[in-house]
Amino acid sequence: AEKPKAEEKPPPAEKPKAEEAPAPKAEEPKAEAAAPAPAAPAKAKSGGAAAVKELRARSMAGILDCQKALKECDGDMELAMDWLRKKGVAKADKKAGNIAAEGNVSAYVHFNQKIGVIVEVNSETDFVASNAIFQEFCEDIAMQVAANPAVASVSADDVPAEVKDKAKELEMAKEDLAGKPDNIKEKIVEGRLKKQFEEIALLNQKWLKDEDKTVAEILKDKIAKIGENIIIRRFVRLTLGEGLEKRDDDFAAGVEKELAKYRSDPGAAPEEPKAEAPKEEAPKKEEPPKEEKKQVAVSAAQVKELRQRSGAGILDSKKALADSDGDIEKAMAWLKKKGMAKADKKVGNLSAEGAIASYIHFNKKIGVLVEVNSETDFVAINSIFKEFADDVAMQIAANPSVVCVSTDEVPADIVAKEKAVEMEKEDLAGKPDNIKEKIVAGRLKKRYEEMALLSQKWLKDEDKTVEEVLKERVAKLGENIVIRRFARLNLGEGLEKKDDDFAAGVEKELAKYRQ
């Protein structure tokens, strides 16, 4: 009876349990070993050599100052920059390496200089960027954008959010959708908007040189031919006088005025305009009141303007104006809600005289467009005026710190940030607020002048400023000239450049041409 009791031993069942127990214990130290791992990057963030190097490149401050700034700000690069500036240690704020990518910046200005475009097209390597096929493609893209004034983005996905919201709101309010369930409404509107956004996207346009293909298809062809990814990243278009009202002057009087400047007999020039001036001025004074009277009611001119903008019929345009008290913008919205408006193009693109000029640096890494306005088209076609416009474009390219035409146009967010930094500087601590304000105002005035184009030294004569040269041109041409606006594109701005092996890149390119 004792033998069977000895055979029935439970310990073997307990041994596997004992073997299972150490398994979790062995896992616990692994978890503990993994725990300290995240602590290493935290240390690198606050005081790493790479962080100090980056901050030095941006601020031009010393090593110890940069280390201290990063330590005080827990490794946050932006806070460290502000800390150094408040201490008066930071001398600059330039992003290290100016974060670049390969490709080209190209420009197109129409022969009449009334429209200009700059475009950035990216490639993977600089070998492709210098390729003749790629460069021609970039120039064609710039011309394509200029030829399609409706184009507002590269792809349908790039349409600005505010444009999408406004378009959706108008579509949802249309009468043909009234009474439909919301889910059906949403689907219909989504389909309509998709079509609208495709019409304003560059990639969906017909290629100018081959209308059987779209820009997207041509882009794919170029990628296949060159053997590298190509991206049309962004573009800027300037249309002369956009948003300005053109003055309706007498053409004959304008011709006479210009010819008078070049007459050799000084006595003849003043006599003729004196006799002609009263005759020509009289009808000019009579015209404005007539137009104002017509604007009170719905005039033929208003109907014509609304028809040109909307593409609607005469009766629809007339009714829209009557219901909107003659207000063109309200009438446009009325027609859109009724589904009658087919377009929204400003009549004559509200133009003024002058020229659009461009400058592309020889390496195609920076491009500038500038609009310079004159009073008449006689001055706009003058060689002195054209040369001045070209020089202004080059001036902007040569001054990367320039962000506006005059000090009055410095963006509000920059003004607020700069003032906040200056007010907190240690050298102003303890000073009365009114004294602080005066000191800061003086410092900021100097800084804003560095950002304004008119305050820069003229490239061709550093003894003069851009503003002084502008005044000279005004005096020489006898007409007011205004540098109205500009746009600058820097290649790869905001993109991270791939740090590839140069020798490997050469080998990769040569391999394409080996037989």
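We number each residue from 1, following the sequence as shown. Since we're looking at a predicted model, the values are computed, not measured.
In this structure, R443 does not pair ionically with E418, as no charged nitrogen and carboxylate oxygen lie closer than 4.0 Å. Salt-bridge annotation for E136 and K209: present, with a side-chain N of the basic residue lying under 4.0 Å from a carboxylate O of the acidic one. Note on E422 versus K417: no salt bridge recorded, every NZ/NE/NH1/NH2 to OD/OE distance being 4.0 Å or above. Using a cutoff of 4.0 Å between basic side-chain nitrogens and carboxylate oxygens, E171 and K166 are not scored as salt-bridged. Checked for salt-bridge contact, D158 and R234 miss the test: no charged N lies under 4.0 Å from a carboxylate O.
To the nearest 0.5 Å, the span separating OG on S130 from CD on E102 amounts to 9.5 Å. Annotation: the span from F197 atom CZ to K164 atom NZ amounts to 6.0 Å, rounded to 0.5 Å. To the nearest 0.5 Å, atom CG of residue L477 and atom CZ of residue F388 are 9.5 Å apart. Q205 CD to I200 CD1: the interatomic distance, rounded to the nearest 0.5 Å, is 9.5 Å. Interatomic distance, CE of M332 versus CG of D327, reported as 12.0 Å (0.5 Å rounding). Distance CD1/I439 to NZ/K436: 9.5 Å, rounded to 0.5 Å.
A donor-acceptor pair shorter than 3.5 Å cannot be found between the side chains of T465 and Q456. Judged purely by distance below 3.5 Å, without hydrogens or angles, the side chains of E467 and S455 never pair a donor atom with an acceptor atom.
No donor-acceptor pair closer than 3.5 Å links the side chain of R192 to the backbone N or O of K168. A distance-only check finds a donor-acceptor pair linking the side chain of S153 to the backbone of S155 [under 3.5 Å]. Q113 places no side-chain N or O within donor-acceptor distance of the main-chain N or O of A357, the cut-off being under 3.5 Å. With hydrogens and angles ignored, the 3.5 Å screen pairs no side-chain donor or acceptor of E124 with any backbone N or O of E228. In this structure, the side chain of T214 engages the main chain of E217 through a donor-acceptor pair within 3.5 Å. No donor-acceptor distance shorter than 3.5 angstrom exists from the side chain of N399 to the backbone of S401, with no hydrogens or angles considered. Panel note: side chain E120, backbone L491; no donor-acceptor pair is recorded below 3.5 Å. Looking at R237, its side chain does come within 3.5 Å of a backbone N or O of N148 through a donor-acceptor pair. Between the E353 side chain and the A380 main chain, no donor and acceptor come within less than 3.5 Å of each other.
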* Go through V298 and V303 one step at a time and tell me if the side chain to side chain contact (heavy atoms under 4.5 Å, CB included) criterion holds. => CA-CA 7 Å; V298 176; V303 173; 3.8 Å; yes
* To do: Let me see the working for E437 and K419 under salt bridge (charged side-chain N to carboxylate O under 4.0 Å, His left out), right down to the final yes or no.
  => CA-CA 9 Å; E437 286 284 346; K419 187 175 181 180; 3.3 Å; yes
* **Check against salt bridge (charged side-chain N to carboxylate O under 4.0 Å, His left out), K206 and D212** => CA-CA 7 Å; K206 288 182 177 178; D212 292 331; over 6 Å; no
* Asked: Stepwise, does the side chain to side chain contact (heavy atoms under 4.5 Å, CB included) test hold for I230 with N122?
  -> CA-CA 6 Å; I230 299 167; N122 297 126; over 6 Å; no
For residues 404-415, which side-chain N or O atoms pair as donor and acceptor with protein atoms under 3.5 Å away, sequence neighbours left out?
from, atom 1, to, atom 2, distance (Å)
E409, OE1, V405, N, 3.4

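Using a 4.5 Å cut-off on side-chain heavy atoms (C-beta onward), V151 and F235 make contact. Side-chain contact between I384 and V379 is absent, with no heavy atoms from C-beta onward closer than 4.5 Å.
Taking D82 as the reference, nothing meets the side-chain hydrogen bond (donor to acceptor under 3.5 Å, both in side chains) condition, with sequence neighbours excluded.
When the options I115, N112, I356 are evaluated for a side chain to side chain contact (heavy atoms under 4.5 Å, CB included) with L240, the one that passes is I356.
Few gaps surround NZ on K364; more than 12 heavy atoms of other groups in view lie less than 6.0 Å from it.
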